[in-house]
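Inspection log for the structure reproduced underneath, given as structure tokens.
When a ligand or atom number is given, it counts from 1 through the structure's own listing order.
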Amino acid sequence: MSGIETVPVALGDRSYDVVIGAGALKSAAPRVREICGRRAVVVTDSTVAGLHLDTLTKVFEAEGVAVDPVIAPPGEAQKSFTGLEALVDALTHAGVERGDTILAFGGGVIGDLTGFAASIYMRGIDFIQIPTTLLAQVDSSVGGKTAINTRAGKNLAGSFHQPRLVIADTDFLTTLPEGEIRAGYAEIVKAALIGDEAMFGRLEAAGPALLDPARIGAAVADAVRFKAAIVAEDEREAGRRALLNLGHTFAHAFEAEAKGGVRHGEAVGCGLALAFTWSAQAGECPREDAERVRAHLTAMGLAGRIADLPGGPYDARRLADRMRHDKKNADGSITLILAKGIGNAYIRRGVEADRLAEFLEDQIA
Ligand code: NAD
Ligand code: MG
């Protein structure tokens, strides 16, 4: 009956569980009581507080945990030194002590900011992630990367700090705008494309019906299981974890060039299609696979072609320049994640910017 799944992230004495599905919050509440005791400081933003803080408070109170909320404004601007300072002060004000565990209740912004604050507050305290966006449930809440942005760029100050527990309750997704669901879905399909062909088959068979929060639980669990395995193998991105960047070097360029904005996940979706098209043109991946990827993305309402991506028109030369300067690239040559087929991604270093510009020119025309 209950479709709740628990996915372990195996990291020795820093191991933790991700509890996933409709009703995961209630089901995991006793563990929150064990970890936090009778009082929990919950960091959230005003949007999530307005929609879901009452629910969370009731569920925790029924378990004997009193909720003490710290509410930040919503938005990426909170992932800043200013936002961090305000949060650390609020934690002090709330009387959070060294042995306490705080909770991050919201999207990736709240998760990244709270995780980073937890990693430095009193030289480090524990935290629990309760992600409320699809992107945060399948991606940012798992793996221990925390960060804020600096004036020079995104995520330039941060730490690795694993949570004690992650609770991904898909009931929270019912209030999420459909565009956010679709954007988060790009990171789910990414997982399948990197390393799980059978999962891609299931996503393809389910189609757009999957974007209904009532039906997305199994796909969330698949994506988390996939990410958990990679993180367990390569926590600090010395190797294989870089595969999780499939589609992302393209995506970062689109995000930087978009006029009027494009969501990260929308850009990733298009980046996935491009990585497969590039691989097929290079003769490394069957053309049918690249076609399947494009067709599925289109069916899910994501851009299978650059012309369909919001924020355009895009200029090939400018995109290629952005890719050359991506912070992940050493000395001018570009690293791309490419694929030998669906579920078989690999890391390719030394891609030439000029070839990339030609390829993009061709894709835009
Ligand atoms: P977000 O946290 O800004 O959330 C998007 C918006 O949705 C916000 O306005 C929020 O208030 C609102 N919201 C949240 N939950 C809601 C709900 N259930 N119903 C209605 N509205 C809701 O954005 P995001 O997309 O969740 O996360 C993006 C951030 O995640 C970026 O800063 C990115 O750098 C970071 N990220 C981190 C990692 C990592 O590994 N740490 C990975 C991917 C992304
Ligand atoms: Mg991403």
*Does a sphere of radius 6.0 Å around CZ in R39 hold more than 12 heavy atoms from other residues, nucleotides or ligands, not counting ones at 6.0 Å or beyond?*
yes
Contact atoms of ligand 1, heavy-atom distance to [X] under 4.0 Å:
{"X": "K79", "value": "31 (C), 32 (O), 33 (C), 34 (O), 35 (C)"}
{"X": "T47", "value": "11 (O)"}
{"X": "N155", "value": "34 (O)"}
{"X": "D45", "value": "10 (C), 11 (O)"}
{"X": "T175", "value": "17 (C), 18 (N), 19 (N), 20 (C)"}
{"X": "K154", "value": "31 (C), 32 (O), 33 (C), 34 (O)"}

For ligand 1, is there an N or O atom under 3.5 Å from any N or O atom of [X]?
{"X": "E76", "value": "yes"}
{"X": "F172", "value": "yes"}
{"X": "G108", "value": "yes"}
{"X": "D139", "value": "no"}

*For H52, is the nearest heavy atom under 4.0 Å from an atom of ligand 1?*
yes
_Sub-4.0 Å heavy-atom contact, L173 with ligand 1_ =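 Contact check L173 vs ligand 1: negative.
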*At their closest point, which heavy atom of A353 faces which heavy atom of R324, and how far apart are they?*
CB-NH1, 3.3 Å
*Write out the residue and atom name of the closest protein heavy atom to atom 15 (N) of ligand 1, then the distance separating them to 0.1 Å.*
T132 OG1, 2.7 Å
*When you check the space around the Mg ion (ligand 2), which protein N, O or S atoms turn up under 2.8 Å?*
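Under 2.8 Å from the Mg ion (ligand 2) - ignoring waters, which are not counted - the protein N, O or S atoms are E187 OE2, H248 NE2, H264 NE2.
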*Take atom 6 (C) of ligand 1 and look for protein heavy atoms under 4.0 Å from it; say yes if you find one, no if not.*
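So atom 6 (C) of ligand 1 lacks protein heavy-atom neighbours under 4.0 Å.
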*With a 6.0 Å cut-off on ring centres, are F116 and Y121 close enough?*
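No, the ring of F116 stays outside the 6.0 Å limit from the ring of Y121, centre to centre.
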*Heavy-atom distance to atom 35 (C) of ligand 1: which of D112, I181, V48 wins?*
D112
*Would you tell me which option among T146, V109, T133 has the nearest heavy-atom contact to atom 14 (C) of ligand 1?*
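Looking at heavy atoms only, the winner is T133.
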*Please confirm whether K190 makes a cation-pi placement over Y185, using NZ or CZ under 6.0 Å from the six-membered ring centre and within 45° of the ring normal.*
no
_Here's one to test your reading of the geometry: is the NZ or CZ of K145 within 45 degrees of the ring axis of F160 and under 6.0 Å from its centre?_
no
*Classify the side-chain pair Q78/D45 by whether it contains a donor and acceptor separated by less than 3.5 Å.*
no
*asked:* Please tell me whether S119 and T146 have a donor and an acceptor in their side chains that are separated by less than 3.5 angstrom.
replied: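 Short answer, no.
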*Which residue pairs pass the salt bridge (charged side-chain N to carboxylate O under 4.0 Å, His left out) test with at least one member in residues 163-180, sequence neighbours excluded?*
D126-R164, E178-R182, E180-R263
*For the residue pair H264 and H252, does the interplanar ring angle fall in the parallel (under 30°), tilted (30 to 60°) or perpendicular (over 60°) class?*
parallel
_For F105, is there any backbone N or O sitting under 3.5 Å from a side-chain donor or acceptor partner on T44?_
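Checking the backbone N and O of F105 against the side chain of T44, a donor-acceptor pair under 3.5 Å is found.
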